[in-house]
Each structure stands twice: as structure tokens, then as C-alpha cells.
Amino acid sequence: MPSKRPTIFFLLFPFLLSISLSFPTPVNSSRTLSLHKSKLHFDDQSLTLLWPLPAQYTFGNHTLTVDPNLSLVLSGNGGASGIVKEAFQRYKDLIFKHSSKVPSTSRVVYDIQKLSIIVQSDNEELQLGVDESYSLLVGKNDEHSIIGEATIEANSVYGALRGLETLSQLCVFDYGAKTVLVSKAPWFIQDKPRFEYRGLSLDTSRHYYPIDVIKQVIESMSYAKLNVLHWHIIDEESFPLEVPRYPKLWKGAYSKWERYTVEDAQEIVSYAKMRGINVMAEVDVPGHAESWGKGYPDLWPSPSCTEPLDISKNFTFDVISGILAGMREIFPFKFFHLGGDEVNTDCWNSTPHVKQWLQDHNMTVKDGYQYFVLKAQEIALSLNWTPVNWEETFNTFPSKLNPQTVVHNWLGPGVCPKAVAKGFRCIFSNQGVWYLDHLDVPWNETYYAEPLEGIKDASEQRLVLGGEVCMWSETADTSDVQQTIWPRAAAAAERLWSDREATSAPDTKLSALNRLEYFRCLLNRRGVAAAPVRNQYARRPPIGPGSCYDQ
């Protein structure tokens, strides 16, 4: 059944169109951002400095002041939401970072004195496909507008969060007046995401990230309206996660200080939910698992064959079951990533007891790879998880994969078209454009990568859940992870959120660049170490003095 449409905005929409100086859909032109003495100046058709670009919007030509004592009025079935209340305070702290509270007796009259948020549903369950749509109205009660407040209306609390982010980007501090202003009002924005899965993967095995750093990444994801953190917690190099049923596993951590407790992981999931972000965990099997044997050497086929995991022992699958059962108590997201990539099975054949087991079961090593992946899928399915696997599993034995499998592309283009043609869902992460550790990929190649490329059939297009940029950490740690992620992750975020037509026309490159450079500076103002947009190599610092806005 279609979701209930917001009410007040549709009654006002014709009126707002009549007063707007814009158009009901985004305008794309070669408008440029100019600088003079480090101060931004815009012509009368300046860019809409929002990222990602909303689906539909109109604006006017008025400037409104915002009360630093901005109050919140929550209503609707979700009007008691703690998620929205906490988010309002969080964004209020961002918006009024430079403003002082004014005494309640002050005679200063601000145009925007309260924010009304209407949430239709009281259901706060966070899963893929939750309604993230919202409408936002920012007007002034005078002869130009019948609205005297900012209003967000959403079907879910998570749509309200997206509306708060957009409102926060409209609010800009004026240093001369020492007041927060909204320019080009009245604003009417009607917005929803293009794809339901908009992800960022973070690898905490190649280098360990403290909990506070992971939280910083999650916080910054919310600014770009990303909604899935794919937590690649463990790999062959280290096993930092506590598994109570198999407590020796985190002997595979780099050190006793570089570990995550169960409580740490729960805290991450809770922190992410408050920002409308799902956390998808990954246990990559049967390859990429050498670190498991530091605590349980029996998981290795032999001391000289430390991966793939030993397929011949029930103990191997007991451990996998124990890990996943423990994780099920932590990660409520319906998807679980089982890896399955880069599995070199040569040493299975050179390990006598494994080779014998394969022969006894009439299997080649390729058959053994399939057997292992499918058995891991069975474990995940028994825990009511939907399995996600890297594309090698699909490339090798597509007809054997469970029909619920989500195929995760990474090796190159053309995989999602093949996967959806066979009825599988797909996540796009083509390494040539969306691997953030590939430092020579410029922002525009990330921006113009298209998850639906080569897929014409509408029913097949719907099987593409979205995409994910990948932050592999061989050469990144706490010292440089944020400037490696940003701003290129934001380029992918707009591709996944905004309408394809509005962001793919030939004349959008310059306007997108200017908006992205502005968004990068907004990230900097919010404390995110985003690197310059036009670096020859990602995460490099500026090469000389200058304004953030002149990169």
C-alpha cells in the first residue's frame, strides 16, 4: 500500500509555486561561484547549496532570521519520538554554534521562532526500505507567505532526520549580524531518496579504529544522507571483536588495546540508529580468515595452510554458527555480509586430511568452495538474516546461491546487470569508481558512476538496491580516514539520493563541483577532516594558502 502522503504541504504547494522565483524541479546551469577577498558572492541565479540535491524544491528571494532560542513542536503519531528530539538538539547545536542565547525578555523579533515537525508513524524500527521521504517548508508570516515557521512533515522519524539535515544546510551564520539566516526564502522542498541502500563500508581489520572515530564516521555519513554502515569488522589480518561463545577469537587482534567488546558494538549500532543509519556486519568466509586461528589453530587446515578455513571439520561451522548467533543479538539489520571473495583453495588440495575429505565427499576444491558458501548461507538464513555475498560467489555458481542472496559487486562493471537478470538483488560498488582507497579516482568519476548502467528493464532496475563506497584500510587509519572518505563519498551519496535526470545532464558538472566544494567546507566547519575536492590524489592537503571555497 502506498505510504500516506503529507497533508499540509500539498494544500500549500500551489500557493508556494506562485510566489517562488525558482522552478518545481532543480535548475541546472553553468552558474559559477565567485570569490572576492575570501567572501562568497552570488549572482541572482546562484546555486542551491544543498547536498545531496533534493528531488523537488522551490525558493524565493527573501532572507529570514532564525531565533537562537528556536523551539520544537512535535506532533503526529510519532510526536513522542526521542530520536527526533535528540536530533533536533544535535542540529540546533550545529546551526547555532556561533550564536549566543538571547534573553527571553529580548525584544528582537526573529522570522523563524519555532520548528514544527509532524511525524505520521510512531514505528521506529530501522530497516532497509524505511520511508525517508520528507517535506520541508521555511516561510515568514508576512504579506509574502502564510507560514510563520519552519515545518518538516515525514511519514517516519527517519524522514524527519533527513529533513533536519536539509534545514541545517539552509541555515547559515552571518558573522556581521551575528545571526543565523535562511536566504532565498520561502523554501518548499519535497524530497525522497532514489535508492534505499546508500552505504559506506569501513574496514576495521587492516587498521583498528577507536569507537569515537567510528562514531565520527557515522555522524558524517548522516550529513550526506547515507544510511548503511557496512562494518567489515574482521579479516585475515586481525580479529578485534569479542565473541563470548569463542572467547579466544580476539586473540587475533593486533593488541589487547585494539579490540571491540560486545558493548562497544551495541553502542555503535545504537548510535547509528539515532542518525537513521543501519549497521551491516560482515564475517568473510571461507577466505580472509587467517586471524581466526590465532585463538583456535584447529580452524586452520595446517600451520602452513592458514586459509581458507578448514572445510573438513564440524568445529569450523560450529564456530561460524557461534559468531553469527552472537552477532544476531547485536545487529538487528536484516542483511548480513558473508564475504566469499578472493578464495584461493590451492592449499586444501595440499593438506592431506582436507584433500581426503573432499575426495570422500566427491568434491573438487571448487565444489568445496561452493559447499562452504552455501553452508554459511544456511546458518545466516536460520538466524533470519538475508545473506549478502561478494560477486565471486555469483560469478562461480549463480544457480546454486540461495534466491534471497544479495550480490555485492566490486570487481568491475557489468555484474549487477547479470545478477538482476537472474532475479538476484544487487549492490553496486565497482572498485574502479567507488573504492575510496583508490586515491587516483577523481570526484567526477565517483559522481557519474551509475548503479543502473546497462539495466533497461524497470523490474530489473528495482532489484538494484543501491550502492556503497568502500573504505579499505590498508593505508588508512585514524590519522587519515576522514579525509580519504570525504568528499568523494559525498559524490556517490548524491548519485544514490538524487534524481538521475537532475544530476546527469551534460551541464551539471560545474554546478555539481561548486556545490560539492561548498559541502566539503560545510563538513570542515562541522569538524570533519574532508580533503579538497580537486586534489590530484585523494586526501592530500592544500598545496598553498587560500580559502576553503577556492580549491
Side-chain angles (χ1 to χ4, degrees), residues 50-55 126-134 154 156-166 169 191-202 214 217-232 269 271-282 333-335 337 386 388 406-410 416 425-431 433-436 443 446-453 455 461-471 485-500 502-504 512 515-516 519 523 528 530:
L50 295 173
W51 195 281
L53 202 64
L126 179 61
Q127 289 291 349
L128 199 67
V130 69
D131 191 338
E132 296 176 271
S133 66
Y134 68 92
S156 79
V157 296
Y158 303 108
L161 295 186
R162 306 307 174 219
L164 277 166
E165 174 57 40
T166 300
Q169 292 187 24
D191 201 10
K192 63 180 181 180
R194 180 183 174 207
F195 289 103
E196 60 186 7
Y197 187 108
R198 307 180 306 281
L200 166 72
S201 73
L202 184 66
I214 298 176
V217 171
I218 291 170
E219 186 81 55
S220 62
M221 288 173 64
S222 71
Y223 301 154
K225 298 187 172 74
L226 293 173
N227 71 343
V228 179
L229 174 70
H230 170 187
W231 191 0
H232 189 89
V269 171
Y271 186 90
K273 181 179 180 179
M274 297 301 288
R275 289 149 182 80
I277 295 174
N278 293 284
V279 181
M280 177 177 68
E282 179 176 357
F333 191 44
K334 67 181 180 181
F335 289 171
H337 209 302
T386 298
V388 183
V406 177
V407 177
H408 194 169
N409 151 251
W410 74 278
C416 282
R425 289 171 293 177
C426 192
I427 296 169
F428 175 88
S429 289
N430 179 355
Q431 65 172 335
V433 286
W434 279 12
Y435 266 32
L436 300 174
W443 76 271
T446 302
Y447 185 76
Y448 285 106
E450 175 49 53
L452 297 185
E453 184 176 3
I455 305 172
Q461 288 181 345
R462 285 192 289 271
L463 293 175
V464 178
L465 299 177
E468 170 183 301
V469 286
C470 299
M471 181 62 255
I485 293 173
W486 306 106
R488 289 181 303 160
E494 179 158 287
R495 177 63 47 209
L496 292 167
W497 179 278
S498 304
D499 289 344
R500 184 176 184 179
T503 56
S504 299
R515 286 190 302 108
L516 182 57
F519 182 71
L523 291 175
V528 180

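Remember, it's a predicted structure, so these values are computed and weren't measured experimentally.
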Pair Glu219-Tyr271, side-chain donor/acceptor within less than 3.5 Å:
yes
So Trp51 and Phe519, would you call those rings parallel, tilted or perpendicular, with 30° and 60° as cut-offs?
parallel
Practice item. State, with a plain yes or no, whether a side-chain heavy atom of Trp434 is found less than 4.5 Å away from one of Ser201. Key: no
Which label fits His230 and His408: parallel for a plane angle under 30°, tilted from 30 to 60°, or perpendicular past 60°? tilted
(Q) Please evaluate residues Arg495 and Ser504 with respect to the criterion side-chain hydrogen bond (donor to acceptor under 3.5 Å, both in side chains), reporting the C-alpha separation (whole Å), side-chain torsions for both, the decisive distance (0.1 Å), and the verdict. (A) CA-CA 9 Å; Arg495 177 63 47 209; Ser504 299; 3.1 Å; yes
The reported gap from CZ in Phe335 to CD in Glu282 (rounded to nearest 0.5 angstrom) is 14.5 Å
Closest heavy-atom pair, Cys426 versus Asn409, reported as atoms and distance to 0.1 Å, is SG-CB, 4.4 Å
In this structure, OG1 of Thr386 is separated from CZ of Phe333 (nearest 0.5 Å) by 9.0 Å
Smallest heavy-atom separation, Thr446 atom then Ala491 atom, equals CG2-CB, 4.0 Å
Value for CD (Glu196) from CG (Leu128), rounded to nearest 0.5 Å, stands at 4.0 Å
In this structure, NZ of Lys334 is separated from CE of Met280 (nearest 0.5 Å) by 12.5 Å
Item to complete: State whether the side chain of Arg488 and the backbone N or O of Leu436 hold a donor-acceptor pair below 3.5 Å, judged by distance alone.
Response: yes
Audit row: Tyr158, Asp131, side chain to side chain contact (heavy atoms under 4.5 Å, CB included) steps and yes/no: CA-CA 7 Å; Tyr158 303 108; Asp131 191 338; over 6 Å; no
Residues Ser156 and Val130: closest non-hydrogen pair is OG-CG2, 4.2 Å
Taking every heavy atom of Ser498 against every heavy atom of Thr503, the minimum-distance pair comes out as CB-CG2, 3.8 Å
The reported gap from CH2 in Trp410 to CD in Gln431 (rounded to nearest 0.5 angstrom) is 5.0 Å
Rounded to the nearest 0.5 angstrom, the CD1-CD distance for Ile455 and Glu450 is 9.0 Å
Around atom CD of Gln127, are there more than 12 heavy atoms from other residues, nucleotides or ligands closer than 6.0 Å? yes
Note: Val528 and Ser220 closest approach over all heavy atoms is CG2-CB, 3.9 Å
Derivation of the side chain to side chain contact (heavy atoms under 4.5 Å, CB included) call for Ile277 and Leu226:
CA-CA 7 Å; Ile277 295 174; Leu226 293 173; 5.7 Å; no
Can you find a pair of side-chain heavy atoms, one from Val217 and one from Met471, that are under 4.5 Å apart? no
Which is it for Glu468 and Phe428 under the side chain to side chain contact (heavy atoms under 4.5 Å, CB included) test, yes or no, and what are the steps along the way? CA-CA 6 Å; Glu468 170 183 301; Phe428 175 88; over 6 Å; no
Check: Do side-chain atoms of Asp191 reach the backbone of Ala55 as a donor and acceptor pair under 3.5 angstrom?
Finding: yes
*asked:* side chain to side chain contact (heavy atoms under 4.5 Å, CB included), that's the test. Do Val269 and Lys273 meet it? Break it down for me.
replied: CA-CA 6 Å; Val269 171; Lys273 181 179 180 179; 5.6 Å; no
**Asked** Can you tell me if Glu494 uses its side chain to pair, donor with acceptor, with the backbone of Tyr447 under 3.5 Å?
**Response** no
Please confirm whether the ring centroid of Phe195 lies under 6.0 Å from the ring centroid of Tyr197.
no
Exactly one of Lys192, Lys225, Arg162, Arg194 clears salt bridge (charged side-chain N to carboxylate O under 4.0 Å, His left out) with Glu132, and that residue is Arg162
Nearest heavy-atom approach of Ala489 to Val469 is CB-CG2, 4.0 Å
